[in-house]
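The structure appears right after this line, and notes come after that.
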Amino acid sequence: MLSRRFVRENPDAVREGLALRHNDDVDVDEILELDAEWRELKAEGDDLRHERNEISDRIGELKQAGREEKAQEAIERSAELKDEIDRVEERAARLDDELHERLLEVPNVPHEDVPPGEDEPDNVEVRREFFDDHDAPADPVPHYDLGEDLNILSFERGAKVAGGGFYFLQGDGARLEHALIQFMLDVHREQGYTDVFPPIPVDSEAMTGTGQLPKFEDDMYAIEGEDLWLCPTAEVPVTNMYSDEILLDDDLPIKHQAYTPNFRREAGEHGTETRGIVRVHQFNKVELVNFVRPEDSYDRLEALVSEATAVLDRLELPYRVVTLCGGDLTFASAKTYDLEVWAPADDMGYGPAEGGRWLEVSSASNFEAYQARRAGLRYRPERHESAESLHTLNASGLALPRVLVAIMEYYQNDDGTITVPEPLRPYMDGQAVIEGHDPVGEAAVGAGERE
RNA sequence: GCCAGGAUGGCCGAAUCUGGUAAGGCGCACGCCUGGAAAGCGUGUUCCCGUUCGGGAUUCUGGGUUCAAAUCCCAGUCCUGGCGCCA
């Protein structure tokens with residue numbers, strides 16, 4: 001969250017940031033008024049308390065000296081003050097709570113590099129890789145059809161046990177998923193990342209620390225009867241793992257990677273564009289989380305993008321990097337780059353001239369001190385006596401299902417098989433081609449092909 | 001789940017029984033001292049308000065008793081140990 005002091009001293013910067021985001025839910029003037037009123041009441045309450053503290057000290061002295069009558073007078077005065085303090089502070093506390101709640105709903109102020117714009121089409125392309133002589137099949141089958149043809153994907157069975165938006169990976173499909181996870185973890189370990197495996201349920205405090213709560217409650221799965229939510233992204237447990245701690249200057253930068261399943265309700269997000277495994281309720285992801293000194297965070301953001309794209313580079317999948325415009329920027333982020341992989345099968349609106357479409361597989365964001373302030377993440381800078389907020393960043397490295405989509409569509413062969421990208425083969429006992437599996441059960445027998 | 005013990009500053013730790021200035025140590029920063037350093041001495045090292053200076057809050061959290069709570073009472077959270085259950 002933004003600090004009270006920052007909002008008080010830079011209201012115009014906050015207003016401009018909101019305008020760039022096309023956010024008109026936040027009323028800065030109202031917040032400033034609340035703040036001014038709260039400060040006035042706090043000063044009043046502090047003065048009253050000061051007076052009462054002095055009287056209280058005197059009572060002790062008078063009692064010691066045996067001057068009961070004087071002491072009794074002071075006790076009466078103290079009781080009067082107590083009532084007055086209760087009145088003033090009750091009002092102050094109400095304003096304080098209100099102010100806190102309002103501030104939790106103020107998004108981060110975008111960095112000056114963030115381009116104007118309302119939505120996806122306004123994002124600015126930074127670079128594009130592997131397009132010059134790409135090797136996509138002429139007429140690729142969409143992953144959802146191919147996956148069921150090969151019996152490596154089953155949506156019906158997923159829906160049977162958990163409902164729509166869940167799916168089974170089967171046989172080589174599941175193997176490819178495992179291979180990708182291990183491959184990504186190995187790539188990032190080479191880049192200096194330390195592995196962590198976090199708890200999957202997270203509490204409300206953690207969700208508030210990274211900014212998912214209070215605004216985005218509807219996107220999360222809640223666990224009934226507990227103050228717990230299913231992890232929507234490893235960003236939540238990993239960023240909060242050092243909450244309310246003070247790290248040493250020597251500890252920084254910290255680079256953690258975490259593989260976790262992620263759960264999102266995605267209410268109202270179903271349609272042709274999300275068919276298959278492009279937008280599902282549960283997906284695996286390797287997440288990169290950085291804790292850095294404030295002065296290093298923008299250099300780190302650039303490096304983070306390279307660390308995430310290294311996976312696509314090694315897989316030789318066509319992709320591009322875009323800078324998100326103000327309107328597309330997420331709540332807690334000051335600047336974000338999206339990594340979009342090319343899925344050639346479905347020619348949809350959001351895609352390159354070659355056809356197909358862009359699929360976001362990672363968002364690399366600098367949150368500056370926004371999350372650190374909410375989560376209580378601090379460090380002690382060298383040659384400073386007191387602790388201050390550090391900066392946090394994260395990027396997916398990468399979200400699995402969409403990478404799987406890209407592989408299935410980009411590396412599919414004319415005979416309906418899929419070539420396993422070279423770097424993944426060591427993780428699949430050297431297997432080079434996914435040929436699919438025979439269907440299981442009576443449905444297979446009655447499938448019609450035989451005379 | 002049951003029983004017992006515990007939670008004090010960046011860290012360690014005293015004060016809790018017996019309510020009245022949160023001791024001391026370590027680390028770190030600044031200053032003094034020094035040719036320079038070490039040692040030593042002093043100041044500082046959480047949050048909030050206010051211009052220096054000051055004031056307020058803060059002993060896990062929330063209530064209560066009291067003129068006054070780290071201290072007494074109630075509830076909760078977490079940690080440790082023991083028992084139980086369990087992949």
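Quick caveat: nothing in here was measured; it's all calculated off a predicted structure. A, B, ... follow the sequence lines: proteins, then strands. Residue 1 opens every chain.
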TODO: Please state how far atom CG in A:Asp244 lies from atom P in B:C11, giving the value in whole angstrom units.
DONE: 11 Å

Open item on the list: Give the dot-bracket line for RNA chain B from 5' end to 3' end: parentheses for intra-strand Watson-Crick or G-U pairs under 3.5 Å, square brackets for crossings, | for inter-strand pairing, dots for unpaired.
Closed with: (((((((..(((.......[...)))((((((.......))))))((((....))))..(((((..]....))))))))))))....

Open item on the list: Quick check: closest heavy atoms across A:Leu99 and A:Ile31, and the distance to 0.1 Å?
Closed with: CD1-O, 3.7 Å

When you compare the protein's N or O atoms with those of nucleotides 57-61 of chain B, which come within less than 3.5 Å of each other, and at what distance?
{"from": "B:A57", "atom 1": "OP1", "to": "A:Arg49", "atom 2": "NH1", "distance (Å)": "3.3"}
{"from": "B:A57", "atom 1": "OP2", "to": "A:Asn53", "atom 2": "ND2", "distance (Å)": "3.4"}

Task: Distance between C1' atoms of B:U80 and B:A87 (Å, rounded) - done: 24 Å

TODO: Just call it for A:Ile246: base, sugar-phosphate, or nothing, with non-hydrogen atoms closer than 4.0 Å on any strand.
DONE: sugar-phosphate

Open item on the list: Measure CG/A:Leu248 against C1'/B:U45 and give the value in whole Å, please.
Closed with: 14 Å

Which atoms of nucleotides 72-78 of chain B (N or O only) lie under 3.5 Å from a protein N or O atom, and what are those distances?
none

Open item on the list: I'd like to know if A:Arg15 and A:Asp29 make a salt bridge, using a cut-off of under 4.0 Å between side-chain N and carboxylate O.
Closed with: yes

- [ ] Mind calculating the distance between CD (A:Glu245) and C1' (B:G9) to the nearest angstrom?
- [x] 16 Å

TODO: Select base, sugar-phosphate, or nothing to describe what A:Arg77 touches, counting heavy atoms under 4.0 Å on all strands.
DONE: nothing

TODO: Examine A:Tyr298 together with A:His111 and report whether their ring centres are nearer than 6.0 Å.
DONE: yes

- [ ] May I have the distance from A:Asp97 (atom CG) to B:G62 (atom C1'), rounded to whole angstrom?
- [x] 13 Å

- [ ] For A:Arg378, report the nucleic acid contact type (base, sugar-phosphate, nothing); a contact means any heavy atom under 4.0 Å.
- [x] sugar-phosphate

Task: Whole-Å distance separating the CG atom of A:Asp57 from the C1' atom of B:G56 - done: 14 Å

Task: Candidate nucleotides B:C49, B:U66, B:G20, ranked by approach to the side chain of A:Lys82 - the nearest - done: B:U66

